[in-house]
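Below: the structure, in structure tokens.
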Amino acid sequence: MDKKVRVRFAPSPTGGLHLGGMRTVLYNYLFAKKYKGDFIVRIEDTDQSRYVAGAEEYIFDCLKWCGLEPNESVQHGGSYGPYRQSERKELYRKYAEQLVNDGYAYYAFDTTEELDKMRNDFKTEKNPSPQYDHSIRTKMRNSLTLTDTKVKELLATNTRHVIRIKMPEQESISFTDMIRGEVNFDSSLVDDKVLLKADGMPTYHLAVVVDDYLMEITHAFRGEEWLPSAPVHILLWKYLFGIEKMPEWAHFPLILGPNGKLSKRDGAKYGFPVFAMNWTDPKTGDLTEGFKEKGFLPEAFINLLALLGWNDGTEQEIFTVDDLIDKFTMERVHSSGAHFDYEKAKWFNHEWIKKLEVSGLRFPVGELLTKNGFIVSDETYLDKVIELVKDRCTLLTDFIEQSSFFFATPEHPDLDTIKSKWNDQKQLFFRELIRAYKLLSLWNTVDLEKTFKEIAAVHQLKPGELMLPFRIMLVGGKFGPGVFEIADVLGKTETLKRIEKTLSLLS
Ligand code: GLU
């Protein structure tokens with residue numbers, strides 16, 4: 001690429017950041033890193049009616065959790081700021097007026113009542129919701145139908161008005177999408193979108209084009225749901241800055257759930273997260289669970305996101321961010337919808353838990369255990385526990401069940417299971433085991449097992465029959481890794497204490 005690559009993620013801060021939004025972040029980030037470019041986050045908050053407190057900060061928290069740090073943003077600064085559109089309000093009007101002067105846009109003075117009347121009057125069976133377009137604009141109150149004097153007068157008296165784009169009739173508008181190839185639109189089907197609102201704020205359509213230009217964006221990537229807006233954006237580029245300056249476009253495929261486009265409702269219905277992190281709607285107080293809190297590792301989350309609409313052409317499924325930067329190409333992003341499969345998502349997490357070194361799990365697991373009331377004071381001990389149980393955990397939250405007994409003596413060991421095959425001989429065995437373990441000078445898996453088996457042989461008992469009660473004494477139930485490994489990590493004092501405790505409960 002001859003020009004420095006500059007890409008942007010341009011969210012409207014209106015709520016939780018869903019899988020599609022996070023994938024847009026990721027693909028932008030990968031592309032920027034691959035071409036040694038800049039990744040910009042621009043907050044598109046021109047629609048004040050959709051403003052949601054806390055949503056902007058939340059977006060940055062999600063990016064931070066995934067380690068996808070922007071080069072420029074509201075939080076990171078940069079020389080193309082401000083990065084929040086509401087703070088750029090003043091600079092858009094001039095472009096809207098330039099469009100009016102050049103004949104590509106016009107002032108529209110229609111009141112809400114007039115617009116309602118239009119929708120009612122022009123409604124037909126074939127066209128139940130008429131749009132303000134080339135067929136209608138000639139019948140409305142705007143600078144195309146009023147005299148110049150009248151328009152001047154209305155403007156001079158600050159009459160409420162908007163500026164609308166004048167969509168050409170029957171023009172074929174086309175552009176080349178990096179994923180979809182050539183895409184064509186019929187301009188007659190597109191309405192005269194508002195560019196500048198009555199409150200002086202630009203709409204998304206004007207702001208996105210002006211800012212992509214001013215911020216020198218070279219590639220504009222976004223979800224497929226924005227494809228219908230592309231003809232308006234292309235014309236704005238043509239009218240304002242010249243088509244040769246326009247960034248290259250790519251529209252990412254929809255993410256599909258069990259019933260078409262993946263929605264928040266699917267998450268609630270089927271019990272899987274759709275947001276990156278927990279999001280609480282400040283108005284309703286409703287909490288929507290996020291992948292983070294559900295127990296996903298950021299590494300796994302990124303990996304599964306990357307494959308929602310892309311693959312490298314081989315069977316490889318596990319990718320680190322560096323692998324992705326190396327292998328990612330826009331040409332390999334599919335144009336058809338990408339199916340989200342929660343079971344597969346969990347599989348990625350399991351693979352990543354197995355793959356990561358203990359040091360990579362120490363922090364999230366420690367944090368989780370502490371949050372759940374366990375006292376985690378010794379890092380070496382925590383590391384040993386993680387090493388021992390990690391392969392059994394699919395979600396990080398599984399660490400709670402799989403390792404809680406390392407941090408608290410089981411309150412209610414499953415005595416029923418022990419009792420069903422208990423006898424005096426076994427009782428004697430465990431008494432003897434305590435005595436022998438006390439004398440052990442080396443406390444390790446090998447010696448623990450050896451001693452256990454020797455004593456079993458003396459008592460003419462099968463070690464297999466003794467292992468289950470031993471496990472229940474240490475763990476509380478019938479699960480967990482190898483019982484001697486558990487005893488090894490628990491240490492002498494705690495192991496003996498737990499055997500004693502269960503024996504006393506049994507007698
Ligand atoms: N502000 C749009 C959104 O909320 C961004 C669309 C674009 O990237 O052009 O997703």
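One-based numbering, in listed order, for ligands and for the atoms of each. When reading the values below, keep in mind they use all heavy atoms of this one structure, side chains included, and skip hydrogens, waters and symmetry mates.
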Exercise. Without hydrogens or angle criteria, can the side chains of Asp312 and Thr314 be said to hold a donor-acceptor pair below 3.5 Å?
Worked result: yes
For this session: Answer side chain, backbone, both or neither: which part of Tyr204 comes under 4.0 Å from ligand 1, heavy atoms only.
Result: side chain
Exercise. For Phe221 and ligand 1, does the shortest N/O to N/O distance drop below 3.5 Å?
Worked result: no
For this session: Can you sort out which atoms of ligand 1 are near Glu44, meaning under 4.0 Å from one of its heavy atoms?
Result: 1 (N), 2 (C), 5 (C)
For this session: Taking only heavy atoms of Val208 into account, list the atoms of ligand 1 that are under 4.0 Å away from them.
Result: 9 (O)
Exercise. Does atom NZ of Lys261 have more than 12 heavy-atom neighbours, drawn from other residues, nucleotides or ligands, at distances under 6.0 Å?
Worked result: no
For this session: Check the surroundings of atom CG in Asp148: do more than 12 heavy atoms from other residues, nucleotides or ligands lie under 6.0 Å from it?
Result: no
Identity and separation of the nearest protein heavy atom to [atom]:
{"atom": "atom 4 (O) of ligand 1", "result": "Ser12 OG, 3.0 Å"}
{"atom": "atom 10 (O) of ligand 1", "result": "Trp226 CZ2, 3.3 Å"}
{"atom": "atom 2 (C) of ligand 1", "result": "Ala10 O, 3.2 Å"}

For this session: Report yes or no: does Arg6 contribute a side-chain atom to a donor-acceptor pair with the main-chain N or O of Met215 at less than 3.5 Å?
Result: yes
Mind listing the side-chain donor-acceptor pairs of residues 293-300 below 3.5 Å, one per line with the distance, residues two or more places apart or on another chain?
from   : atom 1 : to     : atom 2 : distance (Å)
Glu293 : OE1    : Asn278 : N      : 2.8
Glu293 : OE2    : Asn278 : N      : 3.4
Lys294 : NZ     : Glu289 : OE1    : 3.4

Exercise. For Arg8, is the nearest heavy atom under 4.0 Å from an atom of ligand 1?
Worked result: yes
Seminar exercise, completed: For residues 135-171, the ring pair (Phe, Tyr, Trp, His ring centres under 6.0 Å) pairs (sequence neighbours left out) are Tyr107-His161, Phe109-His161
